[in-house]
Amino acid sequence: MADYSLLNDMQREAVFQTEGPVLCLAGAGSGKTRMLTHRVAYLLEKGVEPYHIMAITFTNKAAGEMKERVEKLVGPGGDSLWITTFHSSCVRILRRFADRIGYENSFSIYDTDDSKSVMKDVCKRLRIDTKILKERTILSAISSAKDSLIGPEEFRSQSQGDFKLSRIAEAYVEYQKALKENNAMDFDDLIMQTVSLFRQDAEVLDHYQKRFRYIMVDEYQDTNTAQFELIRLLAEGSRNLCVVGDDDQSIYKFRGANIRNILDFEKHYPEAKVIRLEQNYRSTQNILDAANAVIANNRGRKEKSLWTKEEAGALVHFRQFDTAPEEAEFIADEIVHKGRKGGDFGDFAVLYRTNAQSRLLEERFVREGIPYKVVGGVNFYSRREIKDILAYLKTISNARDDLQVRRIINVPKRGIGATTIAKIQDYADAYGLGFYQALEDADRIPGLGKAAAKIAGFTNQITVFRTKLTVMKLSELVGDILDDTGYLSEFDNETDEEIDDRIDNIEELRNKIIAFEESNPDGTLADFLNEVALVAEIDEVDESVPRTLLMTIHSAKGLEFTHVYLAGMEDGLFPSDMTVASEDPMELEEERRLAYVGITRAKKELTITCAKARMIRGETHYNAISRFVREIPTGLLDNRVPGAGRIVSKDEDEPYDDPTERFDMFRRSPYGGNYGSGRNGSGASGGFGSGGRPKAVVRKKSTPDEVKPYLAGGGTGSFERLGISKGMPKPSGTAAGSGSTPGAKPDYGIGDRVAHIKYGEGTVTDLEPGPRDYKVTVDFDEYGTKVMYAAFAKLIRLDD
DNA sequence: CTCCTTTGTCTTTTT
DNA sequence: GACAAAGGAG
């Protein structure tokens, strides 16, 4: 029997309100998982069959934890209780009913790499010049279409008249066809195809509507349109739908998350009961105050403010360093000290905006001997050797997955090269066969010569593996694959240092398979492949090992740590330059929400760090302190810092409260220009002709008329000086390059004064031609040095 | 056909 | 700076 007295009034209300739609606005750390767990327990105690309950979470890890906690309250619920992610639920449904929408139930799931290979092929066939229209661009357009439930045909009819969109539409049609031929779905398909299954097949929909009578959705603010529709369809029968979320923590817009889903919930369900959880059980008051202050700068949010019974706690620590390596050093040093003083290394987490930032930190952590784990970055399952082995397994599992066949047909080397493959493809096309089917006909394909025998060897091997699978355990089969194909022995001849890593990875994969077999005695190969396709890196984190986690803030969503380090809090990095320069203020708001998520991960201590100089993509950037840090009231920050980290000459104990002093502190460091070593050398593009696109030529003249709109939109104080502009003498020679200069040349040169929409005024310190546009370095009066593309920067020259 | 070198692109964030 | 793709030599 679960104990509901441990819940607060609001939580209890949400738990007991089991009938009808419920919108639970749950701030960070307000115990929503506890609420959801108890809600499931309560339903079960009330006599609701586990079979009728569905709880959807964001990650497998969250699902696992919730399941565990429910079982702790009411005992094992068995497999009939669905606590899973969107993607896993859909796979489960599709594995049963995909044949009703024209797929085989053994369909493969394609990851981003797979999708890209397919798209590459599609572009080749459609003669799309991928220099102009990149596979990536097309894929992301398709992805967001799918997130909004727009199929290929609809996309096509919507894109008429727009050349670029029409091309994408064609690619979308072909891509989708190719996936179907391979009997494969990409990530977005999993949701979209499930929705279309429900829409097309009343019987299936009815089945699931009757089944899932109580539906709960966690992290509702990050659902996309397709997911919303999925849930809406399922809940239509019972209308017992409880969604839990926090609009302030919506950070997945780039992945199609539609914040309107949560903001408009009451419109869709007018009878919805709205419950707010505002008491925070995680952080100290100081940390909460900092978070509240930052998020308060966003408009268009549901007003709420978190409070806690906890005490104020320590001030938020803040340190600025000269360089990023020093920042990393500081963080590692501090964790070592605190950790050795009897702390648990598992109590620390270092969070950052971009994965690339992990490298410096990792180096430092290795040197200090801190037990750590970098979460994210390159996914385990996307490493080459792992993908190779999985390709074998997928080929065995799904006979139509030609993409995988092509991947492994010459891995390990069998002497089957590009020409042979082209001949096979021609044959397949001519006879309307799949690639693998054509392989089986190898002896009938003209002109293959000796290659035919090699191909026969390959197909025989696959056939043997398929047979073996019926009598062997999966783990044994993998062993055979590695031996029989010579995959492992091929490593023997190599002396590369990486070989050891790769062998380790393979070993780790085999361990994962064995673990899978132990926990799923009846699991099939397809089950294993599902699991593999849908794991996030965070799912794999084993918390029983005490180690410090390094990850992006995105990955940290839903987690909490006693000590949190927010690293790289610099304008240009977080918020990123792209966001700052964006026309759409919502993008900056999303970044701010991300900052909010980062801050609220901390339970006891929050340390914010940044560096004045940092290498990004091989170039040194000089960044000012993040505006999000500036939004934290001074009184909440400690700034006492001896030595290198000192950012303001102030007495030890006194936090600055003098606005002018504060302003000073955020002035940029006294660095000159950009000394990056970009290798954008010569040549590049013979033809920049690339027509149509707005290479957004820098304005030739800046008339007052053009300046005005910026003034209106911008709002940084310094803009008022735009009109007065001083202008400096122009250097006689313009920047670097000669000859092959693409793009229009800006009308400013080194030394000129210019104005930027967001950064205000500054001086051009460098200007060099890049492959497609001029790269201009500007030393802004207020924001420090920025390197940007001229077309993008839309700088306005301030004339004398 | 394979290996090695050179060149180009990139990055926010991920199920 | 890191990695994939393309190009060239054996």
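Nothing here was measured: the structure is a model prediction, and the numbers come from that model. Residue numbering restarts at 1 for every chain, and letters A, B, ... go by the order of the sequence lines.
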Atom-pair distance ([atom1] on [X]; [atom2] on [N]), nearest Å:
X	N	atom1	atom2	value
A/Arg136	C/dA4	CZ	P	11 Å
A/Leu360	C/dG1	CG	C1'	11 Å
A/Lys387	C/dA4	NZ	P	12 Å
A/Asp186	B/dT14	CG	C1'	14 Å
A/Gln221	B/dT14	CD	P	16 Å
A/Asp222	B/dT13	CG	C1'	11 Å
A/Asn60	B/dT15	CG	P	9 Å
A/Tyr252	B/dT13	OH	P	11 Å

Among side-chain atoms of [X] and [Y], is any donor-acceptor pair under 3.5 angstrom?
X	Y	result
A/Glu229	A/Gln227	no
A/Ser115	A/Asp186	no
A/Asp111	A/Tyr381	no

Which part of the nucleic acid does A/Phe86 contact within heavy-atom distance under 4.0 Å: base, sugar-phosphate only, or nothing? nothing
Taking Watson-Crick and G-U wobble contacts under 3.5 angstrom, with | marking pairs to another strand and [ ] crossing pairs, the secondary structure of DNA chain B is written ||||||||||.....
How long is the straight-line distance from OG1 of A/Thr620 back to CZ of A/Arg614, given to the nearest 0.5 Å? 11.5 Å
What's the spacing between A/Thr225 OG1 and A/Arg232 CZ if we round to 0.5 Å? 12.5 Å
A/Gln176: side chain to side chain donor-acceptor pair (under 3.5 Å) partners, not counting sequence neighbours: A/Lys146, A/Asp189
For A/Phe435, does the six-membered ring have the charged nitrogen or CZ of A/Arg406 within the cation-pi criterion, i.e. under 6.0 angstrom from the centroid and within 45° of the normal? yes
For A/Asn410 and for A/Ile538, find the nucleotide of DNA chain B with the closest heavy atom, then tell me which residue's nucleotide is more 5'. A/Asn410
Validation row, ring centre A/Tyr110 to ring centre A/Tyr175 under 6.0 Å: no
Contacts under 3.5 Å, N or O only, protein and nucleotides 5-9 of chain C:
none

